[in-house]
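This report refers to the structure that appears directly beneath it.
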Amino acid sequence: MPTIIFSSSKGGAGKTTAAVVLASEFAEQGQAKGLRVALVDADPNQHSAAWAAKEGKPENIDALSVGKDDDILQVIEEAQRNAAFVIVDLEGAASSTVIGAIALADLVVVPCQPSQNDAREAAKTIKQVQYAAKVSRRTIPFVVVFSRISAAIFTKTNKHLAAEFESAGVDVLETALIDREAFKSIFSFGGTVNTLERKNTREAAGPEKAAENVRAFAEDIKRRLLKSQQQETERVAHA
Ligand SMILES: Nc1ncnc2c1ncn2[C@@H]1O[C@H](COP(=O)(O)OP(=O)(O)O)[C@@H](O)[C@H]1O
Ligand SMILES: [Mg+2]
């Protein structure tokens with residue numbers, strides 16, 4: 001029941017895309033074992049809920065929407081009881097709802113496009129995570145993931161931003177999400193990067209490269225979850 005929350009105060013950072021591809025990957029990997037994944041859409045724009053309503057969503061994803069009168073904490077807690085993974089797509093705002101949801105996370109993922117302004121927004125989001133951690137008196141692990149990175153080159157700006165995050169003590173996920181047509185196509189045609197037909201993407205490589213990217217991304221996230229679980233165990237052991 002690990003809960004992974006995608007958060008960034010910036011709209012367009014890549015939260016919904018990352019949340020949907022991660023939920024899909026976990027669901028597809030766990031389908032044979034009967035594992036269930038909850039995908040909680042807590043953004044009033046409801047883009048991940050719209051994806052989930054299309055044909056092609058893995059059957060073992062339970063799509064949950066947080067309406068304006070719903071209590072987001074209740075929705076997440078309910079999902080935690082029923083699913084092996086809970087993935088939450090938050091709205092791009094700094095609200096008390098966002099802080100409350102973050103307080104329930106096992107891992108907060110902050111997508112960030114490789115520009116200075118986006119990095120500044122990511123830093124603001126990290127402050128929110130630290131604030132939620134203080135309020136809830138627990139450690140809330142977080143990691144930045146670069147999103148919409150060029151497939152061809154790791155630019156000077158990317159390197160500079162990665163170094164800035166590192167010197168601020170902020171972890172950046174090893175795998176970045178590459179800018180690929182397939183990541184847009186799933187929202188138009190439904191389904192996952194693994195089921196997307198080649199004809200639905202303009203890219204010469206087709207969806208295979210995107211699928212590879214998502215697999216590496218999902219593995220990195222699992223490793224982070226394990227690492228933070230181990231750190232938590234050590235903290236308890238040394239308390
Ligand atoms: N890795 C990616 N490759 C291509 N397009 C992407 C990628 N990530 C996001 N996008 C596009 O960028 C826009 C914003 O992404 P989205 O995931 O909706 O961000 P957010 O949920 O943070 O507002 C969307 O049009 C989406 O299709
Ligand atoms: Mg979104």
Side-chain angles (χ1 to χ4, degrees), residues 1-31 34-111 121 125 128-129 132 136 140 142 145 147 177 182-196 214 217-218 221 225:
M1 58 123 251
T3 300
I4 303 147
I5 295 199
F6 287 85
S7 186
S8 160
S9 51
K10 185 166 188 303
K15 294 179 285 298
T16 299
T17 305
V20 164
V21 298
L22 186 69
S24 299
E25 183 65 24
F26 283 168
E28 287 173 325
Q29 285 181 9
Q31 209 143 32
L35 170 149
R36 300 210 69 81
V37 176
L39 175 62
V40 178
D41 191 344
D43 183 349
N45 291 325
Q46 295 282 289
H47 292 314
S48 47
W51 169 81
K54 285 187 190 287
E55 213 175 305
K57 168 183 80 66
E59 167 285 318
N60 55 335
I61 291 184
D62 298 312
L64 304 169
S65 285
V66 182
K68 74 174 176 13
D69 296 325
D70 292 330
D71 175 350
I72 187 171
L73 304 186
Q74 221 172 341
V75 176
I76 294 174
E77 279 165 352
E78 170 91 24
Q80 286 173 332
R81 278 192 287 277
N82 299 316
F85 288 101
V86 180
I87 291 168
V88 184
D89 179 17
L90 286 182
E91 65 179 319
S95 62
S96 54
T97 312
V98 164
I99 303 273
I102 287 174
L104 297 181
D106 294 295
L107 179 65
V108 178
V109 183
V110 183
E121 290 292 331
T125 306
Q128 279 176 21
V129 178
S136 58
I140 304 174
F142 58 85
V145 58
S147 69
L177 287 167
F183 291 131
K184 291 195 178 117
S185 297
I186 49 170
F187 289 91
S188 305
F189 303 106
T192 76
V193 288
N194 290 310
T195 60
L196 199 63
V214 171
F217 173 56
I221 296 284
L225 286 169

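Computed from heavy atoms alone, side chains included, the values below leave out hydrogens, waters and symmetry copies.
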- Message: Could you tell me if the side chain of Ser48 sits less than 4.5 Å from the side chain of Leu39, heavy atoms only?
- Response: yes
- Task: Taking all non-hydrogen atoms of both residues into account, name the closest pair between Gly190 and Leu196 and its distance.
- Result: O-CD1, 4.3 Å
- Item | Sole candidate of Leu90, Leu22, Thr17 that passes side chain to side chain contact (heavy atoms under 4.5 Å, CB included) when paired with Phe6 | Leu22
- Can you find a pair of side-chain heavy atoms, one from Ile4 and one from Leu225, that are under 4.5 Å apart? yes
Please tabulate, for side-chain N and O atoms in residues 67-78, each donor-acceptor pair with protein atoms closer than 3.5 Å (sequence neighbours left out).
| from | atom 1 | to | atom 2 | distance (Å) |
| --- | --- | --- | --- | --- |
| Asp70 | OD2 | Gly67 | N | 2.7 |
| Asp71 | OD1 | Leu73 | N | 2.9 |
| Asp71 | OD1 | Gln74 | N | 3.4 |

- Message: Just verifying a value: how many Å separate Ser24 OG and Ile186 CD1, rounded to the nearest 0.5 Å?
- Response: 6.0 Å
- Note on the structure: The single option from Val88, Val129, Ile140 that satisfies side chain to side chain contact (heavy atoms under 4.5 Å, CB included) with Ile5 is Val88
- Item | Closest non-hydrogen atom pair, Ile61 against Ala27 | CG1-CB, 3.5 Å
- Which of these passes side chain to side chain donor-acceptor pair (under 3.5 Å) with Thr16: Asn45, Asp41, Asp43, Asp89? Asp89
- Task: Determine, step by step, whether Glu121 and Val110 satisfy the side-chain contact (heavy atoms from CB on, under 4.5 Å) criterion, reporting the C-alpha distance in whole Å, the side-chain angles of both residues, the deciding distance to 0.1 Å, and the verdict.
- Result: CA-CA 10 Å; Glu121 290 292 331; Val110 183; over 6 Å; no
- Query: With a 4.5 Å limit on heavy-atom distance, are the side chains of Lys54 and Phe189 in contact?
  - Reply: no
- Item | Phe183 side chain near Val214 side chain, heavy-atom distance below 4.5 Å | yes
- Between Leu64 and Ala38 the two heavy atoms that sit nearest each other are CD1-CB, 4.2 Å
- Taking all atoms of both residues into account, what is the closest heavy-atom pair of Ala19 and Ile87, and its distance? O-CG2, 3.7 Å
- Query: Would Gln128 and Ser7 count as having a side-chain donor-acceptor pair, cut-off 3.5 Å?
  - Reply: no
- Lys15 side, atom NZ; Thr125 side, atom OG1 - distance, nearest 0.5 Å: 7.5 Å
- Message: Quiz question: by atom type and distance under 3.5 Å, do the side chains of Thr3 and Gln80 form a donor-acceptor pair?
- Response: yes
- Query: Between Ile102 and Ala132, which heavy-atom pair has the shortest distance, and what is it?
  - Reply: CG2-CB, 3.7 Å
- Sequence neighbours excluded, the answer for side chain to side chain donor-acceptor pair (under 3.5 Å) partners of Ser147 is none
- Note on the structure: To the nearest 0.5 Å, atom CD of Glu28 lies from atom CD of Glu59 at 12.0 Å
- Is any side-chain heavy atom of Glu91 closer than 4.5 Å to a side-chain heavy atom of Gln46? no
- Message: For the CG atom of Leu35 and the CD atom of Gln29, what is their distance to the nearest 0.5 Å?
- Response: 9.5 Å
- Query: If every non-hydrogen atom of Ala18 is compared with every non-hydrogen atom of Phe217, which pair is closest and at what distance?
  - Reply: O-CE2, 3.9 Å
- Roughly how far, to the nearest 0.5 Å, is the OG1 atom of Thr192 from the NZ atom of Lys57? 12.0 Å
